[in-house]
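Here's the structure, in structure tokens; my notes come after.
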Amino acid sequence: MKSIKIIILVLCMYSCSIKKQEVTVKSPKGHIEAKFQLLNGKPTVALFKNNVQILMPSSLGLKLKEVQETIFSIDSVVSKASNTTWEPVWDKHSKIVDDYKETTYWLKGGNGFVLGVVLRIYNDALAIRYEIPEQEGFKTFTIAEDLTSFVFTQDHTFWSANGERHNLGPLPLSEYPKKTKYTPTVLQLENNSYASILEAAIYNFANFNLAKGNEDFSLKCVMNASVGSTPAKTSWRVVLLGDKPGDLVESNTLVNLNPPCAIEDPSWIKPGKAVWDWRVWGYKTKDGYTYDLDTKSHKRLIDFAAENNIKYLLMDADWYGPEFSPDADPTSANSKINIEENMAYAKNKGVGIILYLNDVGAKKFGLERILKQFSDWGASGIKYGFMTTKEQKKVIYTRKVVELCAKYKLTVNFHDGPLPPSGDRRTWPNLVTREYGHSQADAKRSYYPETVVNQVFINMITGPLDMCNGWFGFEEAESRVRVFEKIPGTVAAEVAKLAVLFSGIHVIPDSPEEYNKKSDLFEFVKTLPDSFDELKIINGTIDEFVTVGRRKGDDWYIGSLTNRDSRVISIDLSFLKEGETYKATLFEDAPNSHFLNNQETYIITRKTVAKGDVLNVKLAPGGGHAIRLIKE
């Protein structure tokens with residue numbers, strides 16, 4: 001009886017609002033407010049945080065090929081709220097709170113067309129989705145245009161993802177390109193707070209990009225035409241909010257906007273680290289051995305992995321023949337590789353094997369046939385490269401790859417222009433990572449130190465990234481077959497990147513011999529857990545430096561990175577447990593380290609620390625710093 005009274009009260013409240021064609025919904029804590037309003041019969045939303053306006057009334061909706069322009073009225077309003085806690089298979093946090101309020105505005109046009117506009121408000125975000133219900137005479141449709149815009153109040157500074165190149169920005173919003181850019185876009189708002197626009201739960205229709213909007217200081221969603229049938233739901237258009245840029249990275253909103261795990265028993269999905277044959281290829285050891293893409297080299301890599309807490313070997317392109325050749329069949333290895341022998345050897349050592357799969361081979365020889373063969377061999381996952389499918393078909397095909405991989409108990413890592421991560425790892429936790437940004441030494445060029453710092457605050461908002469970090473041998477690295485130019489950075493920074501960057505599988509690119517030369521430094525990599533309970537952005541600014549902490553149980557692993565400038569940063573350890581002491585091991589740049597001409601010098605120091613201590617650490621130009629904190 002009590003619940004019935006509550007429902008009646010809510011319906012009465014909304015019936016009054018409908019007459020004014022305006023409804024307001026607030027976040028659970030009440031500090032974020034979205035005001036939905038029909039202006040001249042067109043749906044809009046305005047957004048406020050702490051009574052400060054973030055978005056002016058911004059257009060909403062979809063333009064469908066089958067529906068002429070229409071004037072809407074609010075037909076009904078349905079509201080709900082949720083506050084639950086769930087545990088992911090693996091993620092940034094081992095426990096995730098899903099706390100939101102949601103209102104669906106059912107709009108009816110003069111032509112009878114019904115459209116649902118869903119506003120879901122979290123304590124750090126506004127999420128917008130469109131629903132097209134079953135309705136008479138309207139079974140199929142084509143989305144011709146996304147009408148969603150974001151009209152900001154000022155000419156804010158922005159940054160944007162930029163494919164496999166350094167990110168765009170900082171620039172004023174008024175200079176946002178007319179040509180579409182990748183999501184996410186990050187904006188610095190008034191009072192030094194931050195926002196990001198990105199997409200969650202990309203499943204059925206083409207993903208959107210962003211372009212300069214029609215109003216001053218505005219952006220608009222641009223998506224390619226997509227077909228569907230009723231009932232249908234789009235992905236979520238998300239405005240993520242934070243007081244600091246790191247708040248956007250820590251957020252769990254994207255995964256919360258996705259359905260629960262669809263894999264009945266995901267216990268076979270194991271995050272971890274992987275050694276890699278691709279960048280080692282051509283490396284010459286002191287005893288005269290040269291690494292190749294062959295079984296002998298793979299066994300050396302498997303031996304090293306087994307001895308050093310590394311779960312996987314990634315066998316990359318060309319293992320079954322030239323990757324772009326239409327005659328290269330992924331169900332049979334090339335003449336230098338005995339794939340069955342590799343698999344048996346790895347299994348005996350407790351190491352899994354991840355196999356590369358190029359789009360050319362997948363489509364010619366049959367995706368499911370190939371994945372079944374990989375599974376029958378005993379592979380643990382795939383790396384999928386150079387998908388040629390575009391637009392809506394790319395979204396659907398990506399889902400097909402992920403679902404078939406789950407069927408055959410394979411993890412998947414997408415490279416070479418994948419769809420942006422969208423929190424979909426909640427539903428399909430076998431989707432462990434993606435190359436969504438400029439991966440180190442990829443695209444035949446390496447990035448400079450400012451790029452990885454920048455990517456943490458932009459690309460990593462979307463989810464796990466495969467950036468191929470962990471170089472130890474910089475000298476003459478470009479003499480290897482698949483290293484095309486000198487790699488900037490310091491070895492201490494390479495260690496720190498593995499703590500800074502979030503990924504389900506970290507692919508480390510160097511040879512066992514280079515890691516063994518610096519075994520004391522490699523100890524950080526070797527002891528780095530494969531999964532964590534918490535990710536914390538301790539400090540940083542988008543283009544200058546970043547410090548990230550990862551907690552496993554009571555222990556912490558901290559990484560710091562800087563751009564090309566040397567700097568001293570303070571790491572406040574106030575997040576440690578009260579009354580406990582920790583054994584700290586610091587993996588640091590040497591006083592003379594430099595990202596171009598003195599890359600391999602480092603020092604290791606040890607001390608005891610406690611909650612409230614502050615560590616002042618020096619980062620070399622382009623350098624980094626890693627700390628392992630073990631509770632005593």
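Just so you know, these numbers come straight off a predicted model, no measurement behind them.
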Worksheet item: What pair of heavy atoms forms the shortest contact from His506 to Leu498, and how long is it?
Response: NE2-O, 3.3 Å
Practice prompt. List the atom of Ala195, the atom of Leu189, and the distance in Å for their closest heavy-atom pair.
Written response: CB-CD1, 3.9 Å
Practice prompt. Identify, with sequence neighbours excluded, every residue that meets side-chain contact (heavy atoms from CB on, under 4.5 Å) alongside Ser251.
Written response: Asp124, Leu240, Thr253
Worksheet entry | Distance-minimising heavy-atom pair for Leu115 and Gly61 | CD2-CA, 4.4 Å
Discussion item. Going by salt bridge (charged side-chain N to carboxylate O under 4.0 Å, His left out), name the residues that satisfy it together with Lys92, two or more places apart in sequence or in a different chain.
Written reply: none
Discussion item. One pair to check against side-chain contact (heavy atoms from CB on, under 4.5 Å): Thr185 and Trp159. What are the steps and the verdict?
Written reply: CA-CA 6 Å; Thr185 286; Trp159 298 259; over 6 Å; no
Worksheet item: Is Asn40 atom CG crowded by more than 12 heavy atoms from other residues, nucleotides or ligands, each under 6.0 Å away?
Response: no
Item to complete: Quick one: do Leu198 and Leu254 satisfy side-chain contact (heavy atoms from CB on, under 4.5 Å)? Show the steps, please.
Response: CA-CA 9 Å; Leu198 63 170; Leu254 259 64; 3.5 Å; yes
Worksheet item: Is Arg434 close enough and on-axis enough to Phe414, meaning under 6.0 Å and within 45°, for cation-pi?
Response: no
Practice prompt. Without swapping roles, check the side chain of Asn50 against the backbone of Val52 for a donor-acceptor pair under 3.5 Å.
Written response: no
Discussion item. Going by salt bridge (charged side-chain N to carboxylate O under 4.0 Å, His left out), name the residues that satisfy it together with Arg426, two or more places apart in sequence or in a different chain.
Written reply: none
Discussion item. If you apply the rule side-chain contact (heavy atoms from CB on, under 4.5 Å), what do you find for Leu119 with Val45, and how did you get there?
Written reply: CA-CA 9 Å; Leu119 300 186; Val45 67; 3.9 Å; yes
Discussion item. For the CG atom on Asn191, are there more than 12 heavy atoms of other groups (residues, nucleotides or ligands in this structure) within a distance under 6.0 Å?
Written reply: no
Worksheet item: Do Arg550's NZ or CZ and the ring of Tyr557 fall within the cation-pi criteria of under 6.0 Å and 45°?
Response: no
Discussion item. Going by side-chain contact (heavy atoms from CB on, under 4.5 Å), name the residues that satisfy it together with Glu544, two or more places apart in sequence or in a different chain.
Written reply: Thr541, Asn563, Arg567
Fill in: Those residues that, when tested against Thr230, pass side-chain contact (heavy atoms from CB on, under 4.5 Å) (two or more places apart)
Ile132, Glu134, Phe138, Lys139, Phe141
Practice prompt. Identify the two heavy atoms, one from Thr157 and one from Pro170, that lie closest to each other, and give their separation to 0.1 Å.
Written response: CG2-CB, 3.6 Å
Fill in: More than 12 heavy atoms of other groups within 6.0 Å of Lys212 NZ
yes
Worksheet item: Applying ring-ring contact (aromatic ring centres under 6.0 Å, His included), which residue pairs with at least one partner in residues 160-195 are found, sequence neighbours left out?
Response: Phe158-Tyr176
Response to the item:
The reported gap from CG in Leu62 to CZ in Phe205 (rounded to nearest 0.5 angstrom) is 8.5 Å
Worksheet item: Is the centre of the Trp556 ring less than 6.0 Å from the centre of the Phe575 ring?
Response: yes
Discussion item. Can you classify the ring geometry of Tyr105 versus Phe36 as parallel (below 30°), tilted (30 to 60°) or perpendicular (above 60°)?
Written reply: parallel
Item to complete: Verify the distance criterion only: is there a donor paired with an acceptor across the side chains of Lys552 and Ser531 at less than 3.5 Å?
Response: yes
Worksheet item: His93: what forms a ring pair (Phe, Tyr, Trp, His ring centres under 6.0 Å) with it, not counting sequence neighbours?
Response: none
Worksheet entry | Phe217/Phe152 aromatic ring centres below 6.0 Å | no
Worksheet item: What pairs of residues pass the salt bridge (charged side-chain N to carboxylate O under 4.0 Å, His left out) test when at least one of them lies in residues 251-263, not counting sequence neighbours?
Response: none
Discussion item. For the residue pair Lys181 / Asn209, report whether a side-chain donor-acceptor contact shorter than 3.5 Å exists.
Written reply: no
Worksheet item: Do the charged groups of Arg399 and Asp424 touch, with an N to O distance under 4.0 Å?
Response: yes
Worksheet entry | Polar contact flag, side-chain donor to acceptor under 3.5 angstrom, Asp466-Asn413 | yes
Worksheet item: SG/Cys261 to CG/Asn430 distance, rounded to the nearest 0.5 angstrom?
Response: 8.5 Å
Discussion item. Ignoring hydrogens and geometry beyond distance, is a side-chain donor-acceptor pair present between Ser58 and Thr44 at under 3.5 Å?
Written reply: no
Response to the item:
Applied to residues 23-34, the salt bridge (charged side-chain N to carboxylate O under 4.0 Å, His left out) test, sequence neighbours excluded, yields none
Worksheet item: Counting heavy atoms not belonging to Asn111, are there more than 12 under 6.0 Å from its CG?
Response: yes
Worksheet entry | No-hydrogen, no-angle side-chain donor-acceptor test under 3.5 Å, Ser503 and Thr433 | yes
Discussion item. Under a 3.5 Å threshold, yes or no: a donor from one side chain and an acceptor from the other, between Tyr100 and Asn123?
Written reply: no
Worksheet item: Is a donor on one side and an acceptor on the other found under 3.5 Å between the side chain of Ser193 and the backbone of Glu190?
Response: yes
Fill in: Reported CG-to-CD1 distance for the pair Leu55 and Ile197, which is rounded to 0.5 angstrom
7.0 Å
Item to complete: For Lys220, check salt bridge (charged side-chain N to carboxylate O under 4.0 Å, His left out) against everything at least two apart and list the hits.
Response: none
Item to complete: Heavy atoms only: give me the nearest Met467-Tyr436 pair and the separation to one decimal.
Response: CE-N, 4.1 Å
Item to complete: For residues Pro177 and Leu168, determine if any side-chain heavy atom of one lies less than 4.5 Å from a side-chain heavy atom of the other.
Response: yes
Worksheet item: Do side-chain atoms of Asn256 reach the backbone of Val97 as a donor and acceptor pair under 3.5 angstrom?
Response: yes
Worksheet item: Hey, is the main chain of Lys497 close enough, under 3.5 Å, to the side chain of Asn469 for a donor-acceptor pair?
Response: no
Worksheet, complete the sentence: The complete set of side-chain hydrogen bond (donor to acceptor under 3.5 Å, both in side chains) pairs with one or both residues in residues 235-245, sequence neighbours excluded, reads Lys49-Asp243, Asp146-Arg237, Glu199-Ser235, Ser235-Arg237, Lys244-Asp247
Worksheet entry | All salt bridge (charged side-chain N to carboxylate O under 4.0 Å, His left out) counterparts of Arg564, not counting sequence neighbours | Glu450
Worksheet item: Going through the checks in order, is the side-chain contact (heavy atoms from CB on, under 4.5 Å) test met by Glu145 and Val222?
Response: CA-CA 7 Å; Glu145 186 179 349; Val222 178; over 6 Å; no
Worksheet item: Where the side chain of Ser226 meets the backbone of Asn224, is there a donor-acceptor pair that is under 3.5 Å apart?
Response: yes
Worksheet item: Will you find, in the side chains of Ser570 and Asn616, an N or O donor that is under 3.5 Å from an N or O acceptor?
Response: yes
Discussion item. Please report the interatomic distance CG(Leu629) to CG(Leu573), rounded to the nearest 0.5 Å.
Written reply: 6.0 Å
Worksheet item: Just how far is it from atom CD1 of Ile558 to atom CZ of Arg551, taken to the nearest 0.5 Å?
Response: 12.5 Å
Discussion item. Rounded to the nearest 0.5 Å, what separates atom NZ in Lys611 from atom OG in Ser574?
Written reply: 5.5 Å
